[in-house]
Amino acid sequence: MFSPAEIQIAAELVSEFLKEGANSGYLFTVAESEGDVIGYACFGPIPCTVSSYDLYWIAVHPSWQHSGIGGRLLDDIERWIADKGGTRMYVDTSGRDAYVSTRAFYERMGYTRAAVLPDFYSPGDDKVIYVKSL
């Protein structure tokens, strides 16, 4: 579902983390099955905030989607953030029809739609911002 530009950005975040570790501002959690990566999430503290975090990416291999992997990744991140004193998590996603199930996932996970920025990504593609208090 990700565009080539989005895939490139995701790869750059991994590269930054591998070079600089937590100093990169990006943190990761990975789901594996029999040594294969089946999902991952990238998150990090929001600069200039006291205790807020962003979820940058969460992706699950298509053959593992709808099996609970995404929910477990998100639960792990939320627990880690709360243990570190984090109090809020923000998630940005697309308003396109292709992302209906993504938005429903966040809502099932207890996130509230906080804002919609019309035509943010491109004409007809809104940015939908979710938030959850941890």
Side-chain angles (χ1 to χ4, degrees):
M1 196 161 49
F2 298 123
S3 72
E6 290 169 326
I7 293 168
Q8 181 181 349
I9 292 168
E12 288 171 4
L13 298 182
V14 170
S15 180
E16 282 294 310
F17 176 76
L18 292 175
K19 280 192 261 177
E20 298 182 34
N23 289 333
S24 67
Y26 305 114
L27 302 165
F28 288 84
T29 188
V30 176
E32 295 179 289
S33 176
E34 298 180 15
D36 293 326
V37 173
I38 59 172
Y40 86 101
C42 175
F43 64 103
I46 301 173
C48 299
T49 69
V50 174
S51 59
S52 295
Y53 283 73
D54 264 329
L55 175 65
Y56 297 112
W57 298 93
I58 187 166
V60 175
H61 188 281
S63 63
W64 285 90
Q65 290 175 358
H66 307 290
S67 67
I69 299 298
R72 281 186 254 156
L73 287 167
L74 199 52
D75 284 342
D76 287 348
I77 292 168
E78 291 171 357
R79 197 170 19 265
W80 187 93
I81 290 170
D83 288 347
K84 300 294 183 199
T87 58
R88 294 171 77 78
M89 172 94 103
Y90 291 87
V91 179
D92 301 347
T93 192
S94 171
R96 291 184 313 182
D97 288 345
Y99 285 81
V100 167
S101 63
T102 301
R103 294 189 301 274
F105 166 75
Y106 291 123
E107 291 168 9
R108 279 193 315 276
M109 297 300 294
Y111 285 76
T112 302
R113 188 178 296 208
V116 176
L117 306 179
D119 302 322
F120 182 86
Y121 296 109
S122 64
D125 189 2
D126 303 340
K127 179 178 188 173
V128 182
I129 303 169
Y130 287 92
V131 64
K132 182 176 182 180
S133 293
L134 305 176

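Judged by distance alone, the side chains of Tyr26 and Glu20 never bring a donor and an acceptor atom under 3.5 Å apart.
Taking OG of Ser33 as the reference point, atom CH2 of Trp64 lies at 3.5 Å (rounded to 0.5 Å). Ser122 contributes atom OG, which lies 7.0 Å from atom CZ of Arg96 (distance to the nearest 0.5 angstrom). Summarising the geometry, atom CD1 belonging to Ile69 is positioned 4.0 Å from atom CD1 belonging to Ile38; distances are rounded to the nearest 0.5 Å. Interatomic distance, Arg103 CZ to Ser94 OG, rounded to the nearest 0.5 Å: 6.5 Å. In this structure, OH in Tyr90 is found 13.5 Å from CG in Leu55, a value given to the nearest 0.5 Å. Taken from CZ in Arg88 to CG in Asp54, the straight-line distance is 12.0 Å, to the nearest 0.5 Å.
A 4.5 Å side-chain heavy-atom check between Tyr106 and Ile58 finds at least one atom pair inside the cut-off. Between Met89 and Leu74 the shortest side-chain heavy-atom distance falls below 4.5 Å. Contact of the Leu134 side chain with the Thr87 side chain is not registered, since no non-hydrogen atoms from C-beta on lie closer than 4.5 Å.
Closest of all the heavy-atom pairs between Ala10 and Tyr40 is CB-OH, 3.4 Å. Considering every non-hydrogen atom in both Gly85 and Ser51, the closest pair reads O-CB, 3.5 Å. Scanning both residues, Asp125 and Gly95, for their nearest heavy atoms gives OD1-N, 3.6 Å. Taking all atoms of both residues into account, the shortest heavy-atom contact from Tyr130 to Arg113 is OH-NH2, 3.2 Å. Of all the heavy atoms in Cys42 and Leu13, the pair that sits closest is SG-CD1, 4.0 Å. Taking all atoms of both residues into account, the shortest heavy-atom contact from Pro118 to Asp126 is CA-OD1, 3.2 Å.
In this structure, Lys132 contributes its side chain and Met109 its backbone to a donor-acceptor pair below 3.5 Å. Checked by atom type and distance alone, the side chain of Asp119 pairs as donor or acceptor with a backbone atom of Gly124 at under 3.5 Å. Side-chain atoms of Thr49 come within 3.5 Å of backbone N or O of Ile46 as a donor-acceptor pair.
Salt bridge absent: Arg72 and Asp75 never bring a charged side-chain N and a carboxylate O closer than 4.0 Å.
Linking ILVMFWY side-chain heavy atoms closer than 4.5 Å, directly or via other members, places Leu117 and Val128 in two distinct hydrophobic clusters. Hydrophobic clustering places Trp57 together with Val30 (ILVMFWY residues linked when any side-chain heavy atoms are closer than 4.5 Å, directly or through intermediates). Taking hydrophobic clusters as Ile, Leu, Val, Met, Phe, Trp and Tyr residues chained together by side-chain heavy-atom distances below 4.5 Å, Leu18 shares a cluster with Tyr56. Residues Val116 and Ile129 do not share a hydrophobic cluster, defined by chaining ILVMFWY side chains whose heavy atoms lie under 4.5 Å apart.
Atom CG of Asp83 has more than 12 heavy atoms from other residues, nucleotides or ligands within 6.0 Å.
For the ring pair (Phe, Tyr, Trp, His ring centres under 6.0 Å) criterion with Phe43, the lone passing option out of Trp80, Phe17, Phe28 is Trp80.
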